[in-house]
Amino acid sequence: MDKRKLLKEIFGHSDFRKGQETAVDCLLSGRDLMSVMPTGAGKSVCYQLPALMLEGMTLIVSPLISLMKDQAMSLIQNGVKAAFLNSSLSSEEYMQTLRMAWDGAYKIIFVAPERLETESFLDFAKRNKISMVTVDEAHCVSQWGQDFRPSYLHISSFIEALPERPVVGAFTATATDKVREDIKKQLGLITPLEIITGFDRPNLFFQVIHAPNKNKPYVLKELLDRFSDRNGIVYCSTRKQTEQVYIRCKELGVPTVMYHAGMDDTDRMESQEDFIYDRARVMVATNAFGMGIDKSNVGFVIHYGMPKSPEAYYQEAGRAGRDGTAADCVLLYCPGDVNTAEFFINNMAGEGLTPSQLAAAKKQERKRLNAMVEYCNTTECLRAFLLNYFGEECESCSGCSNCSTEFREEDITDEAQKIISCVYRLSQRGLKFAAGAICSILTGGGDKRIEGFHLETLSTYGIMANYNKKRLSETVDALVRQGYLSRNDEEYRNISITEKGHTAVKNRDKITVKVPIKNSGALSAAPDTANTSVSSQFAYMKKLAPNTEVDQELYKKLKEVRSKEAAKNHLPVYMVFSNASLEDMSAKKPTTDAEFLSVNGVGDAKLTRYGKVFIEAVKEYLGQ
């Protein structure tokens, strides 16, 4: 079998994307693989293509039922016999699928990690030729990664129990150096080839909007109005917030569903189905939703509150634009979001961890939280910040709100000297406090900590009585970002003075901060009133340039045809064709089978299923 011929016939692609061919060749040669590719880079082709070429079956270990179902359905649409084994199947369905697998009906079987621990499945695996084991969302195996799942720790034992060791591939979209090393160790990878294609998603536009909680509903309305022609996800920090935002969206007349862990299983599944099949335009959810959801036509992701880590944010934001078309990722931030994130860290369950491991994990989470707060407050390039966090340089920014904003330098030396001095005076007494308490000391406010520790006797008490506390708090954040102050890893809120801070006070160094020119009265673009100030922040939004080759009128017509075909076949629209395929189709305007096959994402199976109806639609549009 020729890999390039299969790539076109099955997956509809004329050529490999970056890193794909190397990954395919590695697995076909029998060498283990550790691959980090951003969402939308085509990870699935890297293991599905060799799975079709290798002798025997391939097991794909996947963490979520929805992911298995999505990927299996997509393969079936492409003419590949695939199946999944998980708890969503009845006993009868499970046994029927297993019997067909015994008879060699499938080349690819998706399984949940818990399934590997059952005697019946292990017996099946021992008695059949397993040529490859692929671990999707491999970061779940690492206690240093987000979404750690103890069940993933049993994968290596399962592999060792097989009579003949298969080749093993580990795939994830986001993983730091430490997480990658842990993945290789926990899965027992043998001298694996490492492929890291980069984390950049050029089709995503990143933006942070500073908004107090009282203003977030107004910001959300403006965003939903701007994205009215797209499907999207609104992520919330808590179940209560999810329900409130869901009600807000319904009030705005937006077809919306919600999803969180406190809902009944049936209701959650119904919400997910409505969103996947485009019966609802917006999904409002906690982070319980989304991992592995293969919906490629998500046009925006809004975070109503700040996630607890850059890993979590980049993974969730990355659910936008999976098909390569332009999409927006917007984070609404207010300092109170930090308290919510801290609460979750302090109450980590630590399943499968020793007390010392749990303490180390909490410390790591606080470091991640600190990085997330820095992202929300930085005036530098947002894309560069995220890529640098994952150890990658940013060559150019194709779109973020900071790079679309004009800033000017504002001298804050006087304020900074007083704040740093206050932190220093506290340290002389062996005390550390959060920014709120420091601001109370500087403004001379009343606080039980001030009374309890006699802080009114500090020389810095009340020296900034005429300053706004919000302004002071923002200045503290700016000083942390610039390295004059730091937050303690053991207790995130507490502020300490750094060596750089000591030097700055001693030498009276000039300290500046960037502020947006259009909103020069504050350190951030935070709106203080509901409507006018919120609107001013959207001046910084700059949409990514659309594909000028696309015939927008034909594209709209083809979307209508796709919707009809999807409804007729009881499929989500993106499983018929992705938005990217429709864009390519509307640019190439195919009127023959050969021209239709030249469209990206069209293989033999898609030509047979949908070629006639789409070609007729193009001909009709062209007046032929």
Side-chain angles (χ1 to χ4, degrees), residues 10-11 39-40 42-52 57-101 105-118 120-122 124-125 128 130-141 147 149-152 154-155 158-159 166 168-173 187 259 261 265-266 268-273 275-277 288-296 298 315 319 322 570-572 574-575:
I10 302 299
F11 301 99
T39 304
K43 290 191 296 295
S44 59
V45 167
C46 296
Y47 53 80
Q48 290 176 3
L49 182 56
L52 299 177
M57 284 180 285
T58 287
L59 300 180
I60 300 176
V61 183
S62 184
L64 292 177
I65 291 171
S66 54
L67 172 58
M68 297 181 220
K69 186 177 179 181
D70 258 20
Q71 291 198 334
M73 286 175 66
S74 293
L75 282 169
I76 292 168
Q77 281 293 298
N78 287 331
V80 176
K81 289 188 176 180
F84 56 88
L85 294 170
N86 57 43
S87 59
S88 71
L89 301 177
S90 67
S91 298
E92 185 178 339
E93 289 171 330
Y94 178 83
M95 293 309 299
Q96 174 65 16
T97 303
L98 202 57
R99 279 194 295 270
M100 292 181 68
Y106 308 115
K107 287 291 288 180
I108 297 175
I109 300 177
F110 295 87
V111 294
E114 294 82 4
R115 188 66 50 185
L116 305 181
E117 301 174 55
T118 63
S120 60
F121 188 80
L122 181 58
F124 161 78
N128 287 272
I130 306 298
S131 54
M132 179 167 67
V133 172
T134 291
V135 183
D136 202 5
E137 307 290 353
H139 58 271
C140 292
V141 80
D147 303 315
R149 306 207 173 187
S151 57
Y152 263 58
H154 302 291
I155 297 174
F158 169 81
I159 293 170
V168 182
F171 292 83
T172 183
L187 293 178
Y259 188 108
D265 288 349
T266 304
R268 282 206 310 272
M269 185 58 67
E270 185 177 330
S271 290
Q272 183 169 297
E273 295 272 315
F275 182 62
I276 287 175
Y277 284 87
F289 174 81
M291 186 167 69
I293 298 298
D294 205 22
K295 184 176 172 66
S296 65
V298 174
Q315 185 183 71
R319 283 159 194 155
R322 290 174 67 103
H570 307 290
L571 292 170
Y574 60 85
M575 283 192 184

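These numbers come from a predicted model, not from an experiment.
- The structure places CD of Q71 at 9.0 Å from CD1 of I108, a figure rounded to the nearest 0.5 Å.
- With rounding to the nearest 0.5 angstrom, the CG atom of L187 is 9.5 Å from the OH atom of Y152.
- Atoms NZ and CG, on K81 and L52 in that order, are 13.0 Å from each other to the nearest 0.5 Å.
- Within the model, atoms CD of Q77 and CE of M575 stand 7.5 Å from one another, a figure rounded to the nearest 0.5 Å.
- With a 4.5 Å cut-off on side-chain heavy atoms, F275 and F289 count as touching.
- The only member of I109, T118, L59 that meets side chain to side chain contact (heavy atoms under 4.5 Å, CB included) when paired with L85 is I109.
- Two residues are said to be in side-chain contact when any heavy atoms from C-beta on lie closer than 4.5 Å; Q48 and F11 meet this criterion.
- Residues passing the ring-ring contact (aromatic ring centres under 6.0 Å, His included) test with Y94, sequence neighbours excluded: none.
- L98 CG to M100 CE: the interatomic distance, rounded to the nearest 0.5 Å, is 11.5 Å.
- Considering all non-hydrogen atoms of both residues, A173 and K43 come closest at CB-NZ, 3.9 Å.
- Shown here are the salt bridge (charged side-chain N to carboxylate O under 4.0 Å, His left out) partners of E273, two or more places apart in sequence or in another chain: K69.
- With rounding to the nearest 0.5 Å, the separation of NZ in K295 from OH in Y277 is 10.5 Å.
- Residues F158 and V111 have side chains not in contact (no heavy-atom distance under 4.5 Å, counting atoms from C-beta outward).
- Annotation: side chain of I276 is in contact with side chain of Y574 (closest heavy-atom distance under 4.5 Å).
- With sequence neighbours left out, S62 forms a side-chain contact (heavy atoms from CB on, under 4.5 Å) with L67, M68.
- R319 approaches Q315 most closely through the heavy-atom pair NH2-OE1, 3.4 Å.
- Taking all atoms of both residues into account, the shortest heavy-atom contact from T58 to A51 is OG1-CB, 3.3 Å.
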Practice problem: Report the C-alpha separation of L571 and M73 in whole Å, then their side-chain angles, then the decisive distance to 0.1 Å, and conclude whether the side chain to side chain contact (heavy atoms under 4.5 Å, CB included) test is met. | Solution: CA-CA 9 Å; L571 292 170; M73 286 175 66; 3.6 Å; yes
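- The minimum heavy-atom distance between V45 and P50, with the atom names listed, is O-CD, 3.7 Å.
- The salt bridge (charged side-chain N to carboxylate O under 4.0 Å, His left out) check on R115 picks up nothing, with sequence neighbours excluded.
- Listed here is the closest heavy atom pair of V133 and P166: CG2-CG, 3.7 Å.
- Looking at Y106 and T97, their side chains come closer than 4.5 Å, going by heavy atoms from C-beta outward.
- In this view, T172 and H139 satisfy the side chain to side chain donor-acceptor pair (under 3.5 Å) rule, not counting sequence neighbours.
- Shortest non-hydrogen contact noted between A82 and F110 is CB-CE1, 4.4 Å.
- Residues satisfying the ring-ring contact (aromatic ring centres under 6.0 Å, His included) criterion with Y47, sequence neighbours excluded, are F171.
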